[in-house]
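Notes to accompany the following structure.
Throughout, a chain's letter reflects where its sequence line sits, starting with A, and its residues are numbered from 1. Note that the coordinates shown come from a computational prediction; the quantities given were computed from them, not determined experimentally.
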Protein chains: 2
Amino acid sequence: MTAPLPSVRAKRARPAPRPAAFPSRARRLKEQRILEAAEPVFAEAGFGGASMQAIAERAGLPKANLHYYFGTKQALYRALLARNLDLWLDAFDHIVPERDPADALAAYVRDKMRASWERPLASKVFANEVIHGAVEIGGYLSTKLRQKVDEKVAVIDGWAAAGKIAPVDARHLFFTLWAATQTYADFDVQVCAVLDRRHLTKADLARATDHLVAFVLRGCGLTPPAACPPRTA
Amino acid sequence: MTAPLPSVRAKRARPAPRPAAFPSRARRLKEQRILEAAEPVFAEAGFGGASMQAIAERAGLPKANLHYYFGTKQALYRALLARNLDLWLDAFDHIVPERDPADALAAYVRDKMRASWERPLASKVFANEVIHGAVEIGGYLSTKLRQKVDEKVAVIDGWAAAGKIAPVDARHLFFTLWAATQTYADFDVQVCAVLDRRHLTKADLARATDHLVAFVLRGCGLTPPAACPPRTA
DNA sequence: CCGAGACCTGACCGATTGGTCAAAACATTT
DNA sequence: AAATGTTTTGACCAATCGGTCAGGTCTCGG
């Protein structure tokens, strides 16, 4: 790979087709439109299986136009990932020392389940990227994500030290929570097959959420907040 | 797509290059070798991103040879999936009515964790297939897998009715168990990043297993078998 | 030793891939 | 209206894709 390439002139060092400096409003809107078309394609086919042509068709634009805005397929893919990364960390905000552990964990699980319902494609793109080695976002995982996890692990360890929660392995607890919640987005067709559904409904996800909240709280040695609190943040 | 295709003669109805009737021992060995080369390629790149050339190189064979044995890329992919499907169901054997629920669930989790350690690539190929819609194995999911799950859900419901286990939603419990165990195979690089490891070690997986067993048993309202039973099947 | 069928593979095919480019269209400001 | 910069796109490119095939080699029963 990356063979000598007998091409007459070396690949130009990016002719800088886009200003980048001042992304006008119209420009950002169009970029957004392309990203929205790219999401389902990358989610359904993976990076390797997705084609710029397919994305272009879904966006209703000529292929060359995508290259005008994003340069390369990889850059478009990266932009799509970047758009969703921070969204990933938001749920962590529930995990703070002063909050009641049961409340905090229940809210965390509900937030992640809501994300699986509202943005399943983003989750699939992310899952794909990680499964295939996280080539593009490896740096993010081992810096920003790890820091955030370390911080929240300390909170949970604090709860455990205060006897407010069973002494779980906080890091592995997070792995379990991520996996258990995202499975409803990433592996939806498997869930559908087992539940004998054509599509997952909001009611299915609500039931899954109730199961998970109760299961996780018990797993952490916490009493589920009486019977079943129907809603509330 | 599937345009008229002005090709002179229609695609031949598979010239049947392989006998299929009597797969000789030598033949099966070679097929196995090709499948083994295909596994990491499909796992790392997905179906769309994998190329027959890449698989051929990994197997140390000319590309045409792969086509001699498997005909098409899709057939090779299907064969690879089929090889691992039944392996998938084995762990279910622990879930039987007469067994102690805590024992059975612990054994189930340990089995699935062992699979994540021993055959992570198989898990990744499977995960990929499901994420991208389970086009090839959709039938399997909604028949064999669903039946098996229904059967085991009945066992767990039986335990619950007998008061031997908390009244969990058995089907969603399985989703949680699958997700929580397979995450160590499918999302290993994410786990690595957070744990600050280059590779996951057997010790890492052992710790993860202990966490999960304890967490799951508590989650089902069962007492973890005293402190920490170090091994035993 | 021979023939027949399984096995093997270099060369090749049309289609598709990501990406380029020059010229046209459009928008702004002067 | 002229000038300047941005956006748009059809046509095109080399590379690679999955797949085919003719003709070679190998194996083995007779």
[X] [atom1] - [N] [atom2] separation (whole Å):
X     : N      : atom1 : atom2 : answer
B:F70 : D:dT20 : CZ    : P     : 16 Å
A:N65 : D:dA11 : CG    : P     : 16 Å
A:L66 : D:dG10 : CG    : P     : 13 Å
B:L29 : C:dA6  : CG    : P     : 19 Å
B:E57 : D:dT16 : CD    : P     : 11 Å
B:K63 : D:dG18 : NZ    : C1'   : 6 Å
B:L61 : C:dG10 : CG    : P     : 11 Å
B:L76 : D:dG18 : CG    : P     : 11 Å

Please classify the nucleic acid contact of A:K30 as base, sugar-phosphate, or nothing, using heavy-atom distances under 4.0 Å. sugar-phosphate
Side-chain N or O of B:R27 versus OP1/OP2 of C:dC7: is the shortest distance under 4.0 Å? yes
State whether A:Y68 places a side-chain N or O below 4.0 Å from either non-bridging phosphate oxygen (OP1 or OP2) of D:dT8. no
With no hydrogens and no angle check, just 3.5 Å: does a side-chain donor-acceptor pair link B:N128 and A:H132? yes
How about B:E151 and B:Q147: does a side-chain donor come under 3.5 Å of a side-chain acceptor? no
Classify the ring geometry between B:F126 and B:W88 as parallel (under 30°), tilted (30 to 60°) or perpendicular (over 60°). parallel
So B:H211 and B:F215, would you call those rings parallel, tilted or perpendicular, with 30° and 60° as cut-offs? parallel
Taking all atoms of both residues into account, what is the closest heavy-atom pair of A:V96 and A:K152, and its distance? CG1-NZ, 4.3 Å
Nearest of C:dT20, D:dT20, D:dT8 to any side-chain atom of A:Y69? D:dT8
Which of D:dG10, D:dG18, C:dT9 is nearest the side chain of A:P62? It is D:dG10
The criterion is side-chain contact (heavy atoms from CB on, under 4.5 Å); which residues satisfy it with B:R78, sequence neighbours excluded? B:Q74, B:E136
With a 3.5 Å cut-off and heavy atoms only, can you find an N or O donor on one side and an acceptor on the other between the side chain of A:K73 and the base of C:dG19? no
Using a cut-off of strictly less than 4.0 Å between a heavy atom of the residue and any atom of DNA chain C, enumerate the qualifying residues of residues 36-55 of chain A by number. A:A50, A:S51, A:M52
May I ask you to decide if B:I131's main-chain N or O and A:K124's side chain share a donor-acceptor pair within less than 3.5 Å? yes
